[in-house]
S.K.: 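The structure follows.
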Amino acid sequence: MVETLKAQRIDLRYLIDNFGLQRIRDDQFFGEWQTNLPELTDIEKQELDRVQEGYFNLVEYPPLLENVVKLTIVSPLLFIAGLYLSPFHIKAEKSLEIRAEDESVVIEGRIDILVLRQNFWVTVIESKQTVFSIEEGLAQILTYMLADPNPETPTFGMITNGVNFRFVKLVREATPKYALSDEFVIDNRGNELYSVLKIIKRLSQLGGE
């Protein structure tokens, strides 16, 4: 009998035990978030400053829910990055399923936002309410990334609760391996959305290299 599980109920230990998932802490494994990052234009910086100011305004009217995070923070980031334009396209609430090797378990879920480039999964974005830490969504986003139908290429993801941002790289070989970027925080001094946008733009170009 096949057991069906919801992705949001999966934790990291489950992925380790059932899919052999391993975390890699070698900086060279996920160097893409640190190297060859594009420079931002003055206009892009101005737009990011407006997104940050919008966040400061929103937090004065709690609660900041997941849909509000997507509308006011994630969507503007994707727009500024140019990911609504060709050759990219966006899918929201995309259904997927992943099966354990022995076919005894099927995990079902819906990706919040998926950015595609000629069927290359550029970024899987999982957004959470600000009351949740991004660690709470890590297992969920890794589950979605494991369902990428192109196992020969790395999959990149971003998880955010609207305040904190972290990027993920997954490589599926005989044993799937993943690594994490540093964490970026929207209300730190300066505007760390600059770094977030640079990384989004860098990762979004990898499918065309």
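Just so you know, these numbers come straight off a predicted model, no measurement behind them.
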S.K.: Would a 4.5 Å heavy-atom cut-off, applied to side chains only, mark Thr143 and Tyr14 as touching?
M.R.: no
S.K.: Main chain of Phe88, side chain of Ser86: is a donor-acceptor contact present, judged purely on distance under 3.5 Å?
M.R.: no
S.K.: Which residues pass the side chain to side chain contact (heavy atoms under 4.5 Å, CB included) test with Leu71, not counting sequence neighbours?
M.R.: none
S.K.: Closest heavy-atom contact between Pro154 and Val171?
M.R.: CB-CG2, 4.2 Å
S.K.: Mind checking what makes salt bridge (charged side-chain N to carboxylate O under 4.0 Å, His left out) contact with Glu32, not counting sequence neighbours?
M.R.: Lys169
S.K.: If I take atom CD from residue Glu60 and atom OH from residue Tyr55, how far apart are they, to the nearest 0.5 angstrom?
M.R.: 10.5 Å
S.K.: Please say yes or no: joined through hydrophobic side-chain contacts below 4.5 Å, possibly via intermediate residues, are Ile43 and Leu85 part of one cluster?
M.R.: no
S.K.: Out of curiosity, Leu21 CG to Leu170 CG, how far, rounded to the nearest 0.5 Å?
M.R.: 6.5 Å
S.K.: Report, as yes or no, whether the 6.0 Å neighbourhood of atom OH on Tyr61 holds more than 12 heavy atoms from other residues, nucleotides or ligands.
M.R.: no
S.K.: Which value, rounded to the nearest 0.5 Å, describes the distance between Asn36 atom CG and Arg202 atom CZ?
M.R.: 4.5 Å
S.K.: Just to verify, what does Asp26 make a side chain to side chain contact (heavy atoms under 4.5 Å, CB included) with, not counting sequence neighbours?
M.R.: Ile24, Gln28
S.K.: Sequence neighbours left out, cut at 3.5 Å: what donor-acceptor pairs do the side chains of residues 72-80 make with other protein atoms?
M.R.:
from  : atom 1 : to    : atom 2 : distance (Å)
Thr72 : OG1    : Val68 : O      : 2.7
Ser75 : OG     : Lys70 : O      : 2.8

S.K.: Roughly how far, to the nearest 0.5 Å, is CG of Leu203 from CD1 of Ile199?
M.R.: 7.0 Å
S.K.: Before you tell me yes or no, could you show the steps for Leu12 and Tyr178 under side chain to side chain contact (heavy atoms under 4.5 Å, CB included), namely the whole-Å CA-CA distance, both residues' side-chain angles and the distance that decides it to 0.1 Å?
M.R.: CA-CA 12 Å; Leu12 198 57; Tyr178 78 98; 3.6 Å; yes
S.K.: Measuring from atom CG of Leu83 to atom NE2 of His89, what distance do you get when rounded to the nearest 0.5 angstrom?
M.R.: 12.0 Å
S.K.: Please collect all salt bridge (Lys or Arg N to Asp or Glu O under 4.0 Å) contacts where either partner lies in residues 187-197, sequence neighbours excluded, each pair once.
M.R.: none
S.K.: Report the C-alpha distance between Val168 and Phe30 in whole Å, list the side-chain angles of each, state the deciding distance to 0.1 Å, and finish with yes or no for side chain to side chain contact (heavy atoms under 4.5 Å, CB included).
M.R.: CA-CA 8 Å; Val168 187; Phe30 186 14; 5.6 Å; no
S.K.: Apply salt bridge (charged side-chain N to carboxylate O under 4.0 Å, His left out) to Arg13 and list each qualifying residue two or more places apart in sequence or on a separate chain.
M.R.: Asp17
S.K.: Can you list everything that forms a salt bridge (charged side-chain N to carboxylate O under 4.0 Å, His left out) with Glu152? Sequence neighbours excluded, please.
M.R.: none
S.K.: How long is the span from the CG atom in Asp148 to the OG1 atom in Thr155, to the nearest 0.5 Å?
M.R.: 3.5 Å
S.K.: Output every pair passing salt bridge (Lys or Arg N to Asp or Glu O under 4.0 Å) with a member in residues 41-57, not counting sequence neighbours, ordered by first then second residue.
M.R.: Glu44-Lys201
S.K.: Tell me every residue that passes side chain to side chain donor-acceptor pair (under 3.5 Å) with Gln52, counting only those two or more places apart in sequence or in another chain.
M.R.: none
S.K.: Return the set of residues passing side chain to side chain contact (heavy atoms under 4.5 Å, CB included) with Thr35 (not counting sequence neighbours), or none when no residue passes.
M.R.: none
S.K.: Show, in sequence, the C-alpha distance, side-chain angles and deciding distance for Val196 and Ile186, and conclude whether the side chain to side chain contact (heavy atoms under 4.5 Å, CB included) test is met.
M.R.: CA-CA 9 Å; Val196 172; Ile186 195 172; over 6 Å; no
S.K.: Test Phe165 against every option in Val185, Leu193, Asp182, Ile159 by the side chain to side chain contact (heavy atoms under 4.5 Å, CB included) rule and name the one that passes.
M.R.: Leu193
S.K.: Can you name the side chain to side chain contact (heavy atoms under 4.5 Å, CB included) partners of Ser195, sequence neighbours left out?
M.R.: Phe184
S.K.: With Asp27, which residues qualify under salt bridge (charged side-chain N to carboxylate O under 4.0 Å, His left out), at least two apart?
M.R.: none
S.K.: Between Phe156 and Trp33, does a side chain to side chain contact (heavy atoms under 4.5 Å, CB included) hold up when you go through it step by step?
M.R.: CA-CA 10 Å; Phe156 298 95; Trp33 74 270; over 6 Å; no
